[in-house]
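Notes follow the structure.
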Protein chains: 2
Amino acid sequence: MPVVGSGATDPVASEELAPIARHIAREAARLFAARGYDATSVREIVEAAGVTKPTMYYYFGSKEGLAEALVTAPLDGLCDRMRSILDREGEPRRMLARLIEANFEFVRQDPDRGRFIYGLFFGPLGSGLASELARFAERIEALWDEAMGRFVAAGLIDRSRVRGAVAALRGLVIVHTIEFLYRGTELGPGLPARLVADLLEGFARREAHR
Amino acid sequence: MPVVGSGATDPVASEELAPIARHIAREAARLFAARGYDATSVREIVEAAGVTKPTMYYYFGSKEGLAEALVTAPLDGLCDRMRSILDREGEPRRMLARLIEANFEFVRQDPDRGRFIYGLFFGPLGSGLASELARFAERIEALWDEAMGRFVAAGLIDRSRVRGAVAALRGLVIVHTIEFLYRGTELGPGLPARLVADLLEGFARREAHR
DNA sequence: ATGGACTTACCGAACGGTAGGTATTATCGC
DNA sequence: GCGATAATACCTACCGTTCGGTAAGTCCAT
């Protein structure tokens, strides 16, 4: 039984079998985002996907397996993408803007998946995926920490302010992502760089500050 | 039948009846925060509260009525509190710090309630309370807008940067609230003023910036 | 007798999951 | 080449349990 969320051992078979599984997953993401995981029944998912319950169980093993498939591989991908940016980009501001952009791109690719994942991150501690989500949250935060550490190394930020800066940065990413997901606000091409500048410079008028 | 969420027309009766209803509400908030609304059954709530289902229905009318009771009055209170601060505090920085503190105090008073409400705000669009939550979100955002408008009026922030500043401010409040709710990080007494300063000044070292 | 606060027992519907099956294709052994 | 077998991809019908909610009742104070 191929369980997409676990990664298939046979790439060819996985590619040939993936279309139906992907279709089920897409429908599930839409419903999970709109209703929430617990309020969406398996019956609704399979009806929306035009298959039967055992078919869904054949591909994903369980309702939870399905939800896991929606989040694990994509979040792995995001972490890898961020890791890659950190490893290749030397200039701190540009590096940070690209990290932010990677996060925005993640939700732009599939807003329903983004809504579902954001809902999980801010949702109940007791849900089945919680420990897995917590691990991703830690991974991502470690990446932000490392990014901010580059600003310290470059003398752009005081070491004592790293914690505060990471928190502010995460807040910026979260709030803009939410605006996009729930209000359809554009995440324009210049936004990441703008956010980096805001983070570093603040909002006060320079003359008023003096 | 007194439905606490709707506001009782008889204050005396409401006060005399409130203890059991409050106890049910407290247990519900705990379970909703830990499991999520949809994954928490009425049976679990009444078992935790040590009453029977019809008793819960007697006080709250429905599961949804119970959830509404957990959010409506408290959020009304928060909005009123913020409104009051805006009306009485003239100095922009101090006013903003006090608004931030009001938000922190809101979740400190009852973290389970806070977790439940935050989960709803970032949760599925389709849930029953969504329209009501959306109204509160708008109200709160209008208050942040007004607060930021004070900075413009005082010449502290450029008018063109208000949108960005409000978003950043909301991000700061969200991220620190989440740290508190999910990681137990302190929301110390100096934090609101620190956040106002960060918002205005940014994180860059002044010398490095020059 | 009445009303408020609570109860037991029950309702129809729905839940996630599965037993047993079918159809098709590929492979194997003779 | 052919029949048997295995694997894959899907199905119908069903399972035991639980869901939110309610009918009918009891107890107690006034």
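Throughout, a chain's letter reflects where its sequence line sits, starting with A, and its residues are numbered from 1.
Regarding A:Glu44, its CD atom lies at a distance of 6 Å from the P atom of C:dC15, rounded to whole Å. The distance between atom NE2 of B:His23 and atom C1' of C:dC6, rounded to the nearest whole Å, is 15 Å. Atom-to-atom, OH of B:Tyr37 to C1' of D:dC19 comes out at 12 Å; the value is rounded to the nearest Å. Distance CG (B:Leu31) to P (D:dG20): 12 Å, rounded to an integer number of Å. Between the P atom of C:dA14 and the CD1 atom of A:Ile45 lies a distance of 16 Å, rounded to the nearest Å. Atom OH of A:Tyr58 and atom P of D:dT12 are 17 Å apart (whole Å).
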Can you give me the N/O atom pairs linking the protein to nucleotides 16-18 of chain D at distances under 3.5 Å, or say none if there are none?
none

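Shown here are the salt bridge (Lys or Arg N to Asp or Glu O under 4.0 Å) partners of B:Arg159, two or more places apart in sequence or in another chain: there are none. Residues meeting the ring-ring contact (aromatic ring centres under 6.0 Å, His included) test with A:Phe180, sequence neighbours left out: none. Residues satisfying the salt bridge (Lys or Arg N to Asp or Glu O under 4.0 Å) test with A:Glu105, not counting sequence neighbours, are A:Arg108. Not a single side-chain hydrogen bond (donor to acceptor under 3.5 Å, both in side chains) links B:Arg163 to another residue, sequence neighbours left out. Under the ring-ring contact (aromatic ring centres under 6.0 Å, His included) criterion, A:Phe151 pairs with no residue, sequence neighbours left out. A:Asp112 meets the salt bridge (Lys or Arg N to Asp or Glu O under 4.0 Å) test with A:Arg115; sequence neighbours excluded.
Salt-bridge annotation for B:Arg98 and B:Glu101: absent, with no side-chain N of the basic residue lying under 4.0 Å from a carboxylate O of the acidic one.
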*B/S/- contact track for nucleotides 21-30 of chain D, protein heavy atom under 4.0 Å*: BBB-------
Return all side-chain donor-acceptor pairs below 3.5 angstrom for residues 184-192 of chain B, not counting sequence neighbours, or 'none' if the list is empty.
unit_1: B:Thr185; atom_1: OG1; unit_2: B:Glu179; atom_2: O; d: 3.4

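The shortest distance between the side-chain N/O atoms of B:Thr52 and the OP1/OP2 oxygens of C:dC6 is not below 4.0 Å.
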